[in-house]
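Encoded as structure tokens, the structure appears first; notes follow it.
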Amino acid sequence: MYSELNPPQRILMGPGPSDVAPQVLKAMATPLLGHLDPQFLTIMNDVMEMLREVFQTKNQMTIPMSGTGSAGMETVFVNLVEPGDKVIIGVKGLFGQRMVDVAKRCGAEVIAVEAEWGTIIEPAQIKEALEANPGVKVVALVHAETSTGVLQPLQEISQMTHSAGALFVVDAVTSLGGIEVGIDKNQIDACYSGTQKCLSAPPGLAPVTFSPRAGEVIANRKTPVQSWYLDLSMIQSYWGKERLYHHTAPITMNYALRETLRLVLAEGLENAFTRHQTLGSELQAGLVNMGLKLVVDAEYRLPQLTAVYIPEGVDDLSVRKQLLEKYSIEIGGGLGAFKGKVWRVGLMGYACNRRNVTVFLAALEQVLKEQGYRKP
Ligand SMILES: *Cc1c(COP(=O)(O)O)cnc(C)c1O
């Protein structure tokens, strides 16, 4: 016989998933509805309306795709890009690299604009790439690069993208709900996010939004979207007025999303941003105070994801193991170029609270001490 499922209560302070509020877990334990039940259609309307508020957009085409953040990424590229299209992608970490991979699989001619991990893509680099490559269709950036903790400024690159007649695409998987994404203000044409980072619901839905201009590009495609599952022209018929069956919506995940969006809006977007900013700064000050070195310069540091160098002589895995086993705290290790070199500490959504900052700093101090680490 198998025992009843009984996962331990963790403090999820890694790069995602983040802790989920009890109200969201409760919403997920409510009765299932059919995906065409009038009551569920009302819930879908609420979700779309609330997503517009959180994305800060009037975009009609704003819906949650079935799947995690990566499904959102794939949705944007498969719908906007046709074989042979030129796409500029800013690569300054793992998720920029993933965009390149996805765009190439759509047949795009990818122009990767690279920057060192831990730094931003400079607007001048994109300007140069736009000038060297006439007829670019899409310029894509990762707003909050979760592999490095870098906050990428958007305004200037958005303007030069539009001046060149291209569409501006942004990955907001880790930014949405934690820092301002501002779809309309920043004139972002297509954007995707995920439920499991600062939105603090379980992984499973990928909110996306498309400007009317991006909608036109999709409507005027010459080739069918290569992915049946992520084809927006069909999915819109389910989320739009017709409510035509395409695939069965993940009902319970939509309950979770509705409840977590309700909580974000009840707190107020600005208040949520301030909370992330304040506590992120406190966490970062605490790490510096312990003699640790942060990866990103203060100007471009994300509040919700802090990358910190692992001090010399300290074992990456055993520190993370002790944090998990003794304190039930999860943090992330480094990815790619940063593997074994950095830790990534998340303060996302519901997990972004002062208790977690204090408990984590105290636990890390204790574990480092046991590893023989002394503040320099
Ligand atoms: C987590 C993340 C993704 C991928 O999301 P999944 O939910 O893991 O599929 C994409 N982009 C960024 C910036 C992320 O942080």
Side-chain angles (χ1 to χ4, degrees), residues 12-20 55 64-78 89-103 105 112 115 117-121 140-154 168-181 183 186 188 190-209 227 229-230 250 253 256-257 260 276 280 295-296 300-307 330-339 342-349 351-352:
L12 297 178
M13 293 179 72
S18 61
D19 285 329
V20 174
F55 269 125
M65 298 295 290
S66 307
T68 64
S70 304
M73 184 187 294
E74 197 128 23
T75 298
V76 166
F77 284 100
V78 294
I89 298 175
V91 181
K92 57 179 190 313
L94 182 100
F95 292 104
Q97 284 175 351
R98 184 173 295 180
M99 274 185 168
V100 170
D101 191 7
V102 170
R105 286 168 194 240
W117 284 45
T119 65
I120 62 159
I121 306 287
L141 292 176
V142 177
H143 188 206
E145 182 46 87
T146 322
S147 61
T148 64
V150 165
L151 167 57
Q152 173 69 47
L154 302 175
F168 188 46
V169 165
V170 170
D171 173 321
V173 177
T174 285
S175 33
L176 198 67
I179 54 175
E180 183 179 86
V181 177
I183 296 295
N186 287 312
I188 298 167
C191 183
Y192 57 89
S193 190
T195 41
Q196 53 141 323
K197 314 264 168 113
C198 290
L199 289 182
S200 262
L205 288 176
V208 297
T209 185
S227 164
Y229 196 71
L230 302 175
M253 272 308 301
L257 179 56
T260 207
H276 283 87
V295 171
V296 182
Y300 301 118
R301 220 174 263 159
L302 286 171
Q304 70 272 48
L305 193 285
T306 301
E330 178 182 277
I331 64 165
L335 292 172
F338 279 165
K339 193 168 162 45
V342 310
W343 290 312
R344 293 178 302 144
V345 187
L347 270 182
M348 299 183 182
C352 180

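Indexing begins at 1, ligand by ligand and atom by atom, following the structure's order.
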Partners meeting side-chain hydrogen bond (donor to acceptor under 3.5 Å, both in side chains) with [X] (sequence neighbours left out):
X	result
Thr75	none
Thr68	none
Asp19	none

Whether Ser193 side chain and Pro207 backbone form a donor-acceptor pair below 3.5 Å: no
Among Thr306, Leu305, Leu302, Val150, which one satisfies side-chain contact (heavy atoms from CB on, under 4.5 Å) with Val296? Val150
Does NZ or CZ of Lys92 come closer than 6.0 Å to the centre of the six-membered ring of Tyr300, within 45° of the ring's axis?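 Verdict for Tyr300: no cation-pi partner in Lys92.
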Exactly which residues line ligand 1, taking a heavy atom under 4.0 Å from it as the test?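 Close residues (ligand 1, cut-off 4.0 Å): Thr68, Gly69, Ser70, Phe95, Arg98, Val142, Ala144, Thr146, Asp171, Val173, Thr174, Gln196, Lys197.
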